[in-house]
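Computed from a predicted structure; not experimentally measured.
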Amino acid sequence: MEPNGGSHLKEPLLGPANGHPGASPAARASPRKERTTKKVMFNVRGMSCASCAVSIETVVAGLKGVESVQVAVLQGQAVVQYSPEETDARTIKQAIEDINFEVDELQEQEIAVCRLRIKGMACTSCSESIERALLMVPGVKKAAVGLALEEAKVHFDPNITSRDLIIEAIEDAGFGADLISYGDDVNKMHLKLEGVNSPEDTKLIQSVLETVEGVNNVEWDTVDQTIKVAYDPDVTGPRLLIQRIQDAAQPPKCFNASLYSPPKQREVERRHEIMIYRNQFLWSCLFSVPVFLFSMVLPMLPPFGDWLFYKIYNNMTIGMLLRWLLCSPVQFIIGWRFYIGAYHALKRGYSNMDVLVALGTNAAYFYSVYIILKALSSDSFEGQDLFETSSMLVSFILLGKYLEVVAKGKTSDALSKLTELAPETAVLLTLDKDGSIISEMEISTQLLQRNDFIKILPGEKVPVDGVVIKGQSYVNESMITGEARPIAKKPGDKVIGGTVNDNGFIIVKATHVGSETALSQIVQLVEAAQLARAPVQRLADKISRFFVPTVVVAAFVTWLGWFIPGQFHLYPQQWIPEAMDSFELALQFGISVLVVACPCALGLATPTAVMVATGKGASLGVLIKGGNALQKAHKIKTIIFDKTGTLTIGKPSVVQTKIFSKIPLLELCDLTASAEANSEHPLSKAIVQYTKNLREQYGSDSDHMLDSKDFEVHPGAGVSANVEGKLVLVGNKRLMQEFEAPMSSEVEEYMSEMEGLARTCVLVAIDRIICGALAVSDPLKPEAGRVISYLTSMGITSIMVTGDNWATAKSIAKEVGISTVFAEIDPVGKAEKIKDLQAQGLTVAMVGDGVNDSPALAAADVGMAIGAGTDVAIEAADIVLMKSSLEDVITAIDLSRKTLAKIRLNYVWALGYNVLGMPIAAGVLFPFKGIRLPPWLAGACMAASSVSVVCSSLLLQLYKKPLHIEDAPRPAGSSDSASNLV
């Protein structure tokens with residue numbers, strides 16, 4: 001059998017989060033220069049098999065200016081990226097039509113994507129306002145704003161708008177915005193330059209770098225003397241670029257370049273925001289605490305507070321003046337942020353928490369100013385100011401915001417730990433032609449390039465993704481895949497960057513570096529998931545639209561409800577506290593209603609829980625692509641399992657052969673293997689490997705293959721090819737029937753016997769005569785039975801759908817405990833079965849790993865892809881199981897259920913707090929129990945509600961897997977195997 005990873009070394013260990021896998025060779029052709037590219041999508045009719053796709057890709061890739069081609073047979077689509085300077089869509093369309101395919105629709109697409117850091121969001125109303133502002137920008141196709149993540153992802157047409165206009169739209173809405181990333185510039189590095197003293201030097205270095213093959217873009221920062229270079233890792237790398245900069249200097253000048261890691265913008269801004277809130281809270285306390293003492297404490301402690309009642313002019317006292325002077329900086333300097341937020345919100349036609357705070361504090365402050373003015377102008381007027389209400393309210397809200405920002409920072413802890421897994425340095429080797437080590441050098445991991453050779457000693461971390469070329473060891477992959485047991489690695493096996501080499505010395509050839517590593521892709525996928533809004537968030541969005549206006553009306557009604565009865569003496573006068581009148585009492589109740597209501601807690605209920613859950617899932621080896629997948633997974637009632645590579649290990653082997661004619665076994669296997677050589681199906685690989693082993697036994701060349709032509713895949717049936725002038729059919733009974741190959745009773749009996757033993761019987765026909773059969777066995781995964789049993793206990797029905805024959809399928813299903821089986825189903829049929837179940841009102845999940853599973857994964861409510869499967873399957877799935885263990889199906893569903901329960905709890909708390917808090921603040925209990933909520937205490941309650949919701953979400957960090965199976969050791973590298981089903 002092929003060593004794990006021996007082929008497809010160019011394929012990523014994890015499919016891209018945003019892209020199309022399976023790019024043609026054109027996609028990896030010459031380096032991309034900084035030039036305009038366009039993308040066009042064709043609907044192609046007439047494609048029937050993989051060879052059609054290859055034909056189209058070959059023809060189109062040969063056109064001048066075409067940079068990448070992806071053809072999807074099942075979808076009947078072709079996506080081409082090209083340079084408009086060298087070709088156009090009509091030329092590409094004509095080229096496809098020239099090879100007898102019909103192109104019946106033409107859509108030009110040129111969509112750019114940028115990610116932005118958003119500053120100043122406080123609640124759901126803020127994120128909704130930004131989304132509306134972005135969607136109003138001409139050319140913006142789609143915008144998603146994450147409140148908890150504080151990011152926006154914008155899809156736009158670069159021909160109509162630009163990044164600057166998008167940022168300007170956000171700033172016009174009253175928020176700050178900084179660019180995080182733009183387009184496909186994922187492979188980039190920052191260099192710190194020394195010896196650059198003039199604009200001429202700058203231009204020289206920039207021009208030298210731009211002429212390097214593989215460099216896409218060069219950006220210069222003259223202030224920090226740094227340069228950012230975007231490059232194609234297939235063509236060039238950081239060491240070469242640094243060398244070019246050094247070589248550009250003409251004596252006596254000397255240029256030096258070194259890697260520069262700019263501080264992580266998110267963490268820098270998070271710390272900055274925490275510091276701002278902390279400092280503002282401390283400054284506000286400096287003024288608010290004395291106001292509180294002069295208003296609420298010292299007057300109750302005669303003779304210590306008697307001096308506060310000394311009159312300065314008429315009835316204005318020292319206490320009034322001091323409280324006014326101390327409160328004003330809090331109201332207008334420290335609290336200025338609330339005015340700015342309220343202004344921008346009202347300007348855009350919506351309302352948020354800042355509006356409530358500004359209204360409440362202004363009501364208390366300006367009423368107090370009115371009291372002072374009346375006291376100055378009258379020697380008989382008596383009134384109580386409310387300066388302590390204004391100042392303490394601002395202080396408590398700032399304290400709440402400070403605690404909230406600190407807590408929100410912890411929601412991304414799991415993701416931060418992932419990003420820190422890769423080691424800072426690696427040992428780079430120089431090898432001679434015989435593979436002997438000539439030299440070794442310790443360099444920064446960021447300087448590693450594709451095809452570098454790296455030495456990894458026991459206990460060291462693997463710096464980048466690669467393949468073992470020498471040595472054997474066990475590698476601990478728990479930090480990436482969640483697999484607790486070390487995985488055996490030998491030459492040919494893949495290793496993942498960030499994992500730990502346990503006990504052996506290995507030499508690894510780098511295959512994926514920088515943003516292409518599995519670790520980087522996991523981080524990108526989880527970040528995208530955290531930005532995606534869960535459907536349950538719509539409840540908060542709907543409430544937020546009318547929440548603040550409702551609260552303002554409720555506060556006004558509360559004031560009227562207390563003021564009018566007070567004026568007409570409709571309630572006992574002893575209810576009014578000493579030193580107050582009915583107006584002040586009513587005003588305090590109204591202000592309390594304004595500030596006790598908290599829209600922030602509602603807005604944070606869902607995104608914080610999703611952030612923690614997706615991060616926790618990633619640390620357990622379960623990658624959940626967004627809140628939508630997370631929410632749907634908790635409703636799953638039926639799970640459809642593929643067989644090969646999902647319920648089984650996915651490494652089948654030939655265990656028995658049978659000859660039905662006089663053809664020698666070796667000749668039969670040679671013809672079969674030659675026909676199967678172009679197939680990626682696990683059964684094909686097993687047959688090819690068996691033939692190689694058989695040749696070795698006979699002493700012949702194990703790698704020799706006969707010439708094969710007209711190779712064609714028959715989905716769900718097998719393959720056909722012309723080998724040495726003979727029509728060779730390799731597949732199941734249906735393939736034989738399609739080609740009218742007669743089935744003898746001996747063949748039927750042998751098939752029944754093998755299928756009864758849960759073996760797949762592969763028939764081989766030469767020139768439409770069945771000459772032999774190969775029995776292939778693929779052992780079940782050790783955990784399969786227990787997982788199916790546990791799912792049943794969770795109230796979930798398991799179904800197996802496979803392209804294999806009925807007898808084998810039933811035998812496998814019986815062994816694992818599945819009662820419902822659909823066999824001999826092609827890829828489209830799998831998707832149809834899912835739609836039939838969905839029509840019955842069931843929420844259906846699909847678990848698969850291969851190309852033939854991608855239509856079903858896309859059709860299912862929740863698609864779960866085995867992480868060791870194909871890029872296409874991973875791309876189509878909603879959830880990726882990195883460890884390829886079935887127990888993680890349970891983990892994904894259970895984590896979803898726990899997260900949705902936590903979101904509901906957060907909503908219950910946030911809504912319950914407002915439902916209970918507002919009536920108490922309005923004074924419902926005051927007539928009966930004398931309980932009154934002063935405005936400053938109401939503000940403290942509001943702040944506490946947001947913090948409590950975030951802390952509630954953080955409890956998901958304590959999540960434990962419900963089922964953990966310790967099974968027998970797996971074959972070396974089994975966690976990384978690739979199984980491409982056709």
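Inspection of the K902 and N906 side chains reveals no N or O donor paired with an N or O acceptor under 3.5 Å. A donor-acceptor contact closer than 3.5 angstrom is absent between the side chains of Y402 and Q280.
Without hydrogens or angle criteria, S952 side chain to S948 main chain gives no donor-acceptor distance under 3.5 Å. Using a distance-only test at 3.5 Å, with no hydrogens or angles considered, a donor-acceptor pair links the side chain of N314 to the main chain of L376. Judged by distance alone, the side chain of R323 and the main-chain N or O of F294 form a donor-acceptor pair under 3.5 Å. A donor-acceptor distance shorter than 3.5 angstrom exists from the side chain of S592 to the backbone of L933, with no hydrogens or angles considered. For the pair S896 (side chain) and L630 (backbone), a donor-acceptor distance under 3.5 Å is present. The main-chain N or O of Q957 is found under 3.5 Å from a side-chain atom of K616 such that the two form a donor-acceptor pair. Looking at Y913, its side chain does come within 3.5 Å of a backbone N or O of V596 through a donor-acceptor pair. Between the S288 side chain and the S391 main chain, a donor and an acceptor come within less than 3.5 Å of each other. Distance alone, capped at 3.5 Å, is enough to place a donor-acceptor pair between the N914 side chain and the A910 backbone.
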Does the pair N315 and M320 meet the rule for a side chain to side chain contact (heavy atoms under 4.5 Å, CB included), with working shown?
-> CA-CA 10 Å; N315 264 10; M320 284 183 178; over 6 Å; no
Take L116 and L179 through the side chain to side chain contact (heavy atoms under 4.5 Å, CB included) test and state the conclusion after the steps.
-> CA-CA 5 Å; L116 303 166; L179 185 69; 3.7 Å; yes
Stepwise side chain to side chain contact (heavy atoms under 4.5 Å, CB included) test for W324 and D385 | CA-CA 9 Å; W324 186 19; D385 62 79; over 6 Å; no
Stepwise, does the side chain to side chain contact (heavy atoms under 4.5 Å, CB included) test hold for M121 with V145?
-> CA-CA 10 Å; M121 289 193 295; V145 180; 3.6 Å; yes
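Under the 4.5 Å side-chain criterion, counting only non-hydrogen atoms from C-beta, F387 is not in contact with Q331. Residues F287 and I334 have side chains in contact (heavy-atom distance under 4.5 Å, counting atoms from C-beta outward). For the pair S162 and L165, the minimum side-chain heavy-atom distance is below 4.5 Å. E168 has its side chain out of reach of V137: every pair of non-hydrogen atoms, C-beta onward, lies at least 4.5 Å apart. Counting heavy atoms from C-beta outward, Y367 and Q588 have side chains that stay 4.5 Å or more apart. P138 has its side chain out of reach of T161: every pair of non-hydrogen atoms, C-beta onward, lies at least 4.5 Å apart. A 4.5 Å side-chain heavy-atom check between T361 and F338 finds every atom pair outside the cut-off. Contact check for D354 versus V357: no side-chain heavy atoms found under the 4.5 Å cut-off.
The local environment of CZ in F366 is crowded, with over 12 non-hydrogen atoms from other residues, nucleotides or ligands closer than 6.0 Å.
Rounding to the nearest 0.5 angstrom, the gap separating the OG atom in S945 from the CG atom in L911 is 11.0 Å. Rounded to the nearest 0.5 angstrom, L956 CG and L895 CG are separated by 7.0 Å. Taking CG of L321 as the reference point, atom CG of L326 lies at 9.0 Å (rounded to 0.5 Å). Note that CG of L134 is 8.0 Å distant from CD of E131, once rounded to the nearest 0.5 Å. L325 CG to C327 SG: the interatomic distance, rounded to the nearest 0.5 Å, is 10.0 Å. Residue L594 holds its CG atom at 11.5 Å from CZ of F556, rounded to the nearest 0.5 Å.
Listed here is the closest heavy atom pair of A609 and I903: CB-CG1, 3.6 Å. Nearest approach of R337 to I276, heavy atoms of both residues: NH1-CG2, 4.1 Å. Here the closest non-hydrogen pair linking S953 and A605 is OG-O, 4.1 Å. Across all non-hydrogen atoms, the minimal contact from P299 to F309 is CB-CZ, 3.9 Å. Minimum interatomic distance between G176 and I170 (heavy atoms only, all atoms of both residues): O-CG2, 4.1 Å.
Checked against side chain to side chain contact (heavy atoms under 4.5 Å, CB included), L301 has the following partners two or more places apart in sequence or in another chain: V297, F304. Residues satisfying the side chain to side chain contact (heavy atoms under 4.5 Å, CB included) criterion with M275, sequence neighbours excluded, are R278, N279. For the side chain to side chain contact (heavy atoms under 4.5 Å, CB included) test, residues two or more places apart in sequence or in another chain that qualify with L286 are W283. Applying the side chain to side chain contact (heavy atoms under 4.5 Å, CB included) rule to W575 yields the partners W562, Y571, P572, F926, P927; only residues at least two apart in sequence or on another chain are considered. Taking the side-chain hydrogen bond (donor to acceptor under 3.5 Å, both in side chains) definition, one finds that E171 meets it with nothing, sequence neighbours left out.
A side-chain contact (heavy atoms from CB on, under 4.5 Å) with R932 is found for exactly one of L925, L585, I920, namely L585.
Between F332 and Y339, the two ring planes are parallel [angle under 30°; tilted spans 30° to 60°].
Among pairs with a residue in residues 289-308, those fulfilling side-chain hydrogen bond (donor to acceptor under 3.5 Å, both in side chains) read S295-E388, at least two apart in sequence or across chains.
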